[in-house]
Structure formats: C-alpha cells, structure tokens
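Here the structure comes first, spelled out in structure tokens, and everything after it is commentary.
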Amino acid sequence: MAKSYLGIVAAHALDRGLIAGLDQPVAASIDDAAFASAHNRQVTWRQLLDQTSEWEGDLFDIPHTVDRDRQLAPTESRDRFDRGTPLQAPGTYWDYNDVRVNALCLALTRLFGQSLADTMAAIHPAFDASTGFRWHGYGTRSTIALDGREVEVAVGGGHWGGGVVASVTHHLTLGRLVLGSGADGARRCISAVALDAVLQPCALQPVYGGLWWFNRGGALHPGASSEAVFAMGVGTTLIWVDPVLDLVAVARWIKPEAINPWIAAIRQQITDQGGE
C-alpha cells in the first residue's frame, strides 16, 4: 500500500508550501530529466496522484508500457486488460500504472530533498526507522544524487521489488490520519485542507483519487459506508477508514472474496455492541 502512503506525502508537500497546488506541472517545482520532454512537462501532481498523467518513458530501467492497461479498477470491465491503449494527452486517460507512480516517488524525493521514509518520519514519529518502518527502492537502480548525497528513491509500485515494509500498527496510524482529517488524536500532522485537496475522486475514475480508493454509493464494498475510503495493496492488504463508523480497520493477506464478509462481520460486531 505504498501508493496511499505517497498520497499523504503529497499532502505534506502542500502544507510545506513546496508546491503551489496539485494542478501545477511537476516540472515547475523540480528539475529532472524524467519531466523534461514536451509531453512530460505537462504532467501535474494531481494527474500523477490520480493515475491520469500518461507520463511516458523509462524509469529505473523499466518502461511505462510494461504496465499499460495491466491493472483495472474493481468496477471496470475486463475488456480493457492488456489492451495497450495508445498514449493519450496528460489528464485524459486513467491507467493504474506503477511506473508512473514511481515517477511521482522520484518527484517527491527531489522536492523534499530526502528519502520518502525520512519524510514519513517527519510527518509522524510512528514512522521513524526505530519503529521498524521502512520504505525501499530498487537499490542502485533507483539511487539519485541530492545535494552531493546519494539517496535511494523509494518506490510505490511493488511489481519489481521495493516498497513499504510496515506493521499493522503503522497502517493503523496512516488510517487514523485520514479518519482524523490529518490529525492523530491531539497530534496535527497534515492540515485538513491539504488532505482534502489530495483525497478527491478522479473525474475519469470516481472510485479513485489521491492514490486512495473511494466507496461512493457502495461501489467497492457495499457493506462499508459511502464515505469510506480504502488503501489497498497486493496480498490483499487493506486499510478501511470509515468516518460514519469512526473506524479504522486493517486486514493483511485476506482473500479478495473474503473482504466483504470481513466488513460485514465488523459492522455486525459494532451493531451488537450498540455502536451503530
């Protein structure tokens, strides 16, 4: 679920004033060859967060085409799988593409001038390395020079290694930040304004936005509320954040067909305890 962690990092960038807004081109804030072409100079932060960037190129020795039309939203028809749709203009096509997520990782690493793991630790001490939280890249393949230092760019696309190494406790903390509109109890980590700017449904794919999944109208999981949001990763690993129930729940290595029964069982338990 490294992608959803990355959405929180983007909100932190807004709070720090490192970017003027999510609709600003990435190339306006960082200098990197990955965003130097005429096509990629158009790509905005929001497009990368919404998987609509249509960024093109090779990154860390992996071409963007290898992940083209390879992953679909749960609400999509399988007809699009592996179709290899021709490249579109940035912002006009939704494509769940891990290479492009890694382009966002690169951009945010340059923007903050430090590793993504260090940025997460700055957001909340629960993500400090001493807690066991790790965020890896591809070793030397994704290592860049930053102010004379070599820094490994951690990745959000885990098809080829790397990614977040985190416990259930870390995932719960991330979920509490979303539930609390950027606060974990009395600790304010992200402003509500910045978090709200990131967590907006994409017009081209309303169940997705800011690298999180939305449940409007019960589109993903009818047992959760329409206001629920999810972080979902391979495994399946899942963070369910439900403001209606004042709930954060984490499942790890759950079969996809077991997710809805799991949600129903939790809701039933809340009901039995008089909480709903």
Side-chain angles (χ1 to χ4, degrees), residues 1-24 44-51 104 108 111-112 116-117 119-128 131 133 135 156 164 166-203 205-221 223-233 237-251 263 266-267 270 275-276:
M1 292 185 293
K3 295 177 181 65
S4 294
Y5 279 86
L6 201 59
I8 300 303
V9 172
H12 186 50
L14 283 174
D15 276 339
R16 289 275 304 276
L18 298 178
I19 53 179
L22 297 181
D23 294 314
Q24 179 187 56
T44 69
W45 297 99
R46 189 183 303 279
Q47 289 164 1
L48 286 170
L49 287 163
D50 287 353
Q51 302 268 25
L104 176 58
L108 287 171
L111 190 70
F112 281 98
L116 295 177
T119 299
M120 282 303 304
I123 292 172
H124 195 303
F127 301 112
D128 186 82
T131 69
F133 182 83
W135 201 343
V164 163
S167 68
V168 168
T169 301
H170 294 119
H171 294 333
L172 285 170
T173 301
L174 189 76
R176 288 199 306 270
L177 289 179
V178 174
L179 182 68
S181 298
D184 182 13
R187 182 188 296 273
R188 170 61 61 183
C189 301
I190 303 289
S191 73
V193 171
L195 188 63
D196 184 63
V198 169
L199 295 182
Q200 290 295 320
C202 168
Q205 186 57 268
V207 297
Y208 198 77
L211 302 177
W212 285 75
W213 295 90
F214 300 99
N215 198 46
R216 304 292 170 84
L220 293 179
H221 301 294
S225 76
S226 290
E227 289 75 20
V229 296
F230 294 88
M232 294 191 287
T237 302
L238 180 133
I239 304 173
W240 168 25
V241 181
D242 203 317
V244 172
L245 301 177
D246 192 28
L247 171 77
V248 178
V250 174
I263 289 173
I266 290 175
R267 291 201 70 156
I270 293 171
E276 186 180 3

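When reading the values below, keep in mind they use all heavy atoms of this one structure, side chains included, and skip hydrogens, waters and symmetry mates.
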Pair L22-Q200, side-chain contact (heavy atoms from CB on, under 4.5 Å): steps then yes or no: CA-CA 11 Å; L22 297 181; Q200 290 295 320; over 6 Å; no

Note, V9 side chain near L116 side chain (heavy atom, < 4.5 Å): yes

From L195, V198, L199, residue fulfilling side-chain contact (heavy atoms from CB on, under 4.5 Å) relative to I8: L195

CG on L174 to NE2 on H124, rounded to 0.5 Å: 10.0 Å

G218 backbone acceptor or donor facing R216 side chain under 3.5 Å: no

Atom of M1, atom of G233 and distance for their closest heavy-atom approach: CG-N, 3.4 Å

Donor-acceptor under 3.5 Å (W240 side chain, A249 main chain): no

Spacing of CZ belonging to F214 relative to CD belonging to E227, to within rounding of 0.5 Å: 12.0 Å

Nearest-0.5 Å distance that lies between atom CG in L49 and atom NZ in K3: 12.5 Å

Distance in Å, R16 CZ paired with T119 OG1, rounded so as to fall on 0.5 Å steps: 8.0 Å

R267 side-chain N/O to G223 backbone N/O, donor-acceptor pair under 3.5 Å: yes

A194 to A11 - nearest heavy-atom pair and separation: CB-O, 3.4 Å

Residue pair I263 / A224: nearest heavy atoms and the distance that separates them: CG2-N, 3.7 Å

Q205 vs D50, side-chain contact (heavy atoms from CB on, under 4.5 Å): CA-CA, chis, key distance, verdict: CA-CA 8 Å; Q205 186 57 268; D50 287 353; over 6 Å; no

N/O donor-acceptor pair under 3.5 Å between N215 side chain and H221 backbone: yes

Distance-minimising heavy-atom pair for G156 and A2: CA-CB, 3.8 Å

Residue pair P243 / L179: nearest heavy atoms and the distance that separates them: CA-CD1, 3.7 Å

Any donor-acceptor N/O pair, D23 side chain to R46 backbone, under 3.5 Å: no

Distance (rounded to the nearest 0.5 Å) between R187 CZ and I123 CD1: 12.5 Å

N/O donor-acceptor pair under 3.5 Å between Q47 side chain and T44 backbone: yes

Criterion side-chain contact (heavy atoms from CB on, under 4.5 Å) on F133 and V164, from CA distance to verdict: CA-CA 8 Å; F133 182 83; V164 163; 3.9 Å; yes

Verdict with reasoning, L211 to L104, per side-chain contact (heavy atoms from CB on, under 4.5 Å): CA-CA 11 Å; L211 302 177; L104 176 58; 3.8 Å; yes

Geometric class of the W213/Y208 ring pair [parallel <30°, tilted 30-60°, perpendicular >60°]: perpendicular

Gap between atom CG of L247 and atom CD1 of I270 - 0.5 Å precision: 5.0 Å

Short side-chain to backbone donor-acceptor contact, D242 and V229, under 3.5 Å: no

Residue pairs involving residues 169-178 (criterion side-chain hydrogen bond (donor to acceptor under 3.5 Å, both in side chains); sequence neighbours excluded): Y5-H171, T131-H170, S167-H170, T173-R176, R176-D184

Heavy-atom pair with the smallest gap, counting every atom of L111 and A13: CD2-CB, 3.8 Å

